[in-house]
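In what follows, a structure is listed as structure tokens, so that the remarks can point back to it.
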Amino acid sequence: MEQVPLRFQRDEILVVKAVESSHLVVDVWRVLYRARYVSDYANPPASSLQPGDQLIVTQASPEAMTPVERLNRQGKRDGCRYALSEYQAVPHQASPAQPRSLWRS
């Protein structure tokens with residue numbers, strides 16, 4: 001699958017649709033993308049990412065990495081930071097519940 005270059009604005013919201021060990025599926029402008037993610041090792045998250053979590057873009061970056069922070073259920077930043085990269089568009093027929101059979105690792 002081809003990687004897709006995406007440019008985000010600061011404070012854009014991404015919604016997590018599925019979580020794998022090193023990748024997650026996010027809703028970006030009503031299109032699903034699979035992205036590699038890493039947590040901020042200096043400030044490790046108290047709990048893992050879950051489907052339905054919202055991530056806010058913390059910095060508009062022209063680089064390949066997108067810095068984000070998780071929002072809690074009240075819409076406040078919870079201090080858990082991640083970097084997203086290597087975006088791949090998810091085919092329309094793909095379901096986040098079946099990622100292994102449709103995507104390469």
Side-chain angles (χ1 to χ4, degrees):
M1 239 179 260
E2 184 178 327
Q3 289 185 20
V4 180
L6 294 174
R7 295 201 183 258
F8 297 101
Q9 300 296 318
R10 185 180 172 143
D11 297 330
E12 271 189 73
I13 304 293
L14 312 178
V15 178
V16 176
K17 295 296 187 178
V19 180
E20 301 171 7
S21 61
S22 63
H23 289 81
L24 49 84
V25 176
V26 291
D27 183 323
V28 180
W29 311 304
R30 298 168 86 175
V31 177
L32 298 180
Y33 292 90
R34 183 173 185 251
R36 180 174 299 279
Y37 78 100
V38 293
S39 63
D40 180 356
Y41 294 108
N43 187 18
S47 63
S48 60
L49 285 171
Q50 301 293 320
D53 282 349
Q54 293 184 337
L55 305 172
I56 188 167
V57 176
T58 58
Q59 179 181 356
S61 174
E63 300 172 15
M65 302 291 271
T66 306
V68 297
E69 186 171 350
R70 183 170 53 189
L71 300 175
N72 64 22
R73 299 293 177 214
Q74 291 76 38
K76 306 279 186 199
R77 297 171 188 244
D78 74 357
C80 297
R81 294 186 174 104
Y82 302 88
L84 307 182
S85 64
E86 301 177 29
Y87 296 91
Q88 298 174 341
V90 175
H92 288 289
Q93 69 275 14
S95 164
Q98 303 168 329
R100 295 280 180 223
S101 64
L102 298 170
W103 300 320
R104 294 183 299 179
S105 292

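Along the sequence shown, residues are numbered consecutively beginning with 1. Computation of the quantities below employed the complete heavy-atom set of this structure, encompassing side-chain atoms and omitting hydrogens, waters and symmetry-equivalent molecules.
Nearest heavy-atom pair, E12 versus W29, reported as atom, atom and distance to 0.1 Å: OE1-NE1, 2.8 Å. Nearest heavy-atom pair across I56 and R77 is CD1-NH2, 3.7 Å. Taking each heavy atom of G79 and E69 in turn, the nearest pair found is N-OE2, 2.8 Å. The minimum heavy-atom distance linking V90 with R34 is given by the pair CG2-N, 3.8 Å. Closest approach of A18 and P51 over heavy atoms only: CA-CG, 4.3 Å. For the residue pair L84 and A35, the shortest heavy atom distance occurs at CB-CB, 4.5 Å.
If you take CZ on R36 and CD on Q88, they are separated by 9.0 Å, rounding to the nearest 0.5 Å. Atom-to-atom distance recorded for E20:CD and Y37:OH is 9.0 Å, nearest 0.5 angstrom. A distance of 10.0 Å separates CG of D11 from CD of Q9, quoted to the nearest 0.5 Å.
The residues D53 and R73 are annotated as salt-bridged, a charged nitrogen and a carboxylate oxygen being separated by less than 4.0 angstrom.
Between the side chain of R81 and the backbone N or O of R70 there is no donor-acceptor pair closer than 3.5 Å. The backbone N or O of P67 lies less than 3.5 Å from a partner atom in the side chain of T58, making a donor-acceptor pair.
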message: Does K17 form a side chain to side chain contact (heavy atoms under 4.5 Å, CB included) with L24? I'd like the steps, not just the answer.
response: CA-CA 7 Å; K17 295 296 187 178; L24 49 84; over 6 Å; no
message: Assess the residue pair V16 and Q54 against the criterion (side chain to side chain contact (heavy atoms under 4.5 Å, CB included)); give the C-alpha distance rounded to whole Å, side-chain angles, the decisive distance to 0.1 Å, and a yes or no.
response: CA-CA 6 Å; V16 176; Q54 293 184 337; over 6 Å; no
query: What do the steps show when you test Y33 against L6 for side chain to side chain contact (heavy atoms under 4.5 Å, CB included), and what is the final call?
result: CA-CA 10 Å; Y33 292 90; L6 294 174; 3.9 Å; yes
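Checked options I13, L49, L71, T66; the residue passing with L55 is L49 (criterion: side chain to side chain contact (heavy atoms under 4.5 Å, CB included)).
Between F8 and Y87, the angle of the ring planes lies from 30° to 60°, which puts this pair in the tilted group.
Linking ILVMFWY side-chain heavy atoms closer than 4.5 Å, directly or via other members, places V15 and L32 in two distinct hydrophobic clusters.
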